[in-house]
Amino acid sequence: MVDLNGQYRKIQPEVDAAMRQVLEQSDFIRGQAVADFEQALAEYTRSRHVVTCASGTDALQLALMALELQPGDEVITVPFTFVSTVEVIALLGLRPVFVDVCPDTFNMDVTKIEAAITERTKAILPVHLFGQCADMEAVLQIAHRHHLYVIEDACQALGAQVTFSDGSLLQAGTMGHIGCTSFFPTKNLGCYGDGGAVFTQDDTLAARIRSMANHGMSQKYYYDQVGINSRLDTLQAAVLQVKLPRLGTYITARQQAAHYYQEALADCPGVELPSTTPFSTHTYHQYTIRLAPALRDVVKQKLAEADIPTMVYYPCPLHQQAAYRHLAPWQEAFPVSESLAKRVLSLPMHTELTPEQLQYITSTLRSILS
Ligand SMILES: *Cc1c(COP(=O)(O)O)cnc(C)c1O
């Protein structure tokens with residue numbers, strides 16, 4: 001599915017030197033590389049503020065904490081996502097209110113948002129799933145109309161860009177009040193452990209998030225608010241500093257692999273390919289096809305027998321999970337998410353895929369389905 005070692009080999013001298021420098025300086029926590037990386041990422045994303053933290057999950061938690069939501073407040077999000085999105089809502093005693101996703105983009109169906117808004121709704125939390133942004137212009141308009149916060153889960157979409165109808169171009173994570181991303185090794189910009197970051201254009205929110213990620217500390221050993229311990233290690237920041245200038249190249253490599261899949265599978269019987277939208281670029285964190293439910297697991301098995309790994313992201317939507325179904329017992333079914341869970345299959349997608357590998361994957365898949 002991924003080739004992290006192959007990617008490392010190509011940048012090994014630079015990464016090793018950057019890590020060695022941290023070892024020499026021994027500024028392991030809140031070191032120079034962290035501040036330098038935050039500035040570089042702010043420039044790359046044209047975000048006023050970037051606050052790094054220990055993971056994408058923590059970034060989402062910090063976002064909700066910073067907005068001072070109260071237990072019982074409702075956050076509108078999707079059931080077809082990685083667990084973190086909903087986990088942090090539940091951890092803080094907030095209530096996830098789900099809206100279904102679109103069958104072809106896998107992203108929040110914005111036509112369903114307004115029906116989900118109640119007196120207690122405080123925020124909308126769209127997920128930019130598989131590397132393509134949700135319809136943020138619509139989300140922001142609805143949020144504005146109902147005085148709601150917008151938190152973007154951009155963990156899979158760092159580097160994706162949205163074009164708005166006024167022609168402005170904004171990066172994933174920088175459109176809402178707060179945006180969150182992850183540097184988990186397999187993400188678009190991955191470090192060599194856990195890491196994450198929060199984006200905001202608001203000075204007050206930025207200061208609060210920065211303090212909250214460091215125990216709610218104002219000055220040393222004085223605490224203004226309850227915080228958490230969530231910092232990006234200096235060693236990880238050093239790795240990310242080497243990789244950030246290559247993010248554009250990495251995304252292009254993913255897009256080229258996706259283009260190959262698109263061409264080679266265009267007329268493959270029984271396969272539905274992922275859709276793109278006119279408003280967002282696609283960074284192809286995943287390349288996810290849809291198959292008939294009866295075929296999906298058979299195809300997965302046959303590909304595995306041919307040494308081709310695939311993954312099902314995600315096999316069970318969150319409103320049906322044991323940990324979360326009690327949070328929303330009154331909620332209706334989410335037929336698109338439930339259907340996708342039975343039909344999706346993500347093909348190998350990373351920066352090191354060769355034309356030979358792509359040819360082998362697509363011809364094998366075609367022969368299985370013919
Ligand atoms: C990876 C991911 C997260 C969590 O990021 P971690 O760094 O693993 O904590 C949250 N949401 C989505 C959609 C993700 O893909």
Side-chain angles (χ1 to χ4, degrees), residues 1-2 4 37 41 50-65 75-92 96 98-99 101 105-108 123-134 136 139 150-160 172-173 176 178-199 209 213 228-233 236-237 239-240 243 251 254 274 280 282-288 311-319 321 323-324 337 340-341 344 346 349-350:
M1 281 303 279
V2 295
L4 295 176
F37 171 67
L41 186 59
V50 170
V51 181
T52 53
C53 61
S55 70
T57 307
D58 280 3
L60 288 161
Q61 180 172 342
L62 286 163
L64 293 169
M65 288 171 72
V75 179
I76 294 177
T77 191
V78 287
F80 192 69
T81 175
F82 183 62
V83 65
S84 301
T85 320
V86 174
E87 181 179 48
V88 293
I89 295 172
L91 266 178
L92 294 173
F98 295 118
V99 298
V101 296
T105 63
F106 314 105
N107 277 327
M108 183 178 270
I124 308 175
L125 203 174
V127 180
H128 305 322
L129 205 72
F130 301 153
Q132 178 173 238
C133 292
M136 286 304 292
V139 170
V150 174
I151 303 166
E152 294 171 74
D153 183 340
C155 288
Q156 299 188 0
L158 190 64
I178 305 181
C180 304
T181 202
S182 164
F183 307 121
F184 186 82
T186 57
K187 299 287 159 91
N188 292 356
L189 179 66
C191 60
Y192 296 167
D194 277 307
V198 179
F199 302 91
I209 291 164
I228 59 175
N229 172 3
S230 183
R231 297 171 298 227
L232 182 69
D233 289 343
Q236 300 301 346
V239 173
L240 290 165
K243 291 183 72 175
I251 290 171
R254 289 175 180 276
S280 174
H282 202 321
T283 60
Y284 291 103
H285 176 62
Q286 298 297 340
Y287 191 87
T288 303
M311 291 289 280
V312 174
Y313 302 116
Y314 298 94
C316 177
L318 291 166
H319 67 285
Q321 297 278 355
Y324 299 106
S337 296
L340 287 175
V344 288
S346 296
M349 175 49 81
H350 54 84

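From a predicted model like this one, the values you see are computed outputs, not experimental measurements. Order of listing sets the numbers, starting from 1, for every ligand and every atom in it. In this chain, numbering begins with 1 at the start of the sequence shown.
In summary, of the residues considered (Met349, His350, Gln286), a side chain to side chain contact (heavy atoms under 4.5 Å, CB included) with Met1 occurs for Gln286 alone. The only member of Ile228, Ile89, Val198 that meets side chain to side chain contact (heavy atoms under 4.5 Å, CB included) when paired with Gln61 is Ile228.
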Atom pairs, nitrogen or oxygen, ligand 1 to protein, under 3.5 angstrom:
| residue | atom | partner | partner atom | Å |
| --- | --- | --- | --- | --- |
| ligand 1 | 5 (O) | Ser182 | OG | 3.4 |
| ligand 1 | 7 (O) | Gly56 | N | 2.8 |
| ligand 1 | 7 (O) | Ser182 | OG | 2.7 |
| ligand 1 | 9 (O) | Gly56 | N | 3.4 |
| ligand 1 | 9 (O) | Thr57 | N | 2.8 |
| ligand 1 | 9 (O) | Thr57 | OG1 | 2.5 |
| ligand 1 | 11 (N) | Asp153 | OD1 | 3.4 |
| ligand 1 | 11 (N) | Asp153 | OD2 | 2.8 |
| ligand 1 | 15 (O) | Gln156 | NE2 | 2.8 |
| ligand 1 | 15 (O) | Lys187 | NZ | 3.1 |

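Every side chain to side chain donor-acceptor pair (under 3.5 Å) that Ser346 has, sequence neighbours left out, goes to Thr288.
Rounded to the nearest 0.5 Å, atoms CG (Asp58) and CD1 (Ile209) are 12.5 Å apart.
The main-chain N or O of Leu189 is never found under 3.5 Å from a side-chain atom of Lys243 such that the two would form a donor-acceptor pair. Judged purely by atom type and a 3.5 angstrom limit, Gln321 uses its side chain to pair as donor or acceptor with the backbone of Cys316.
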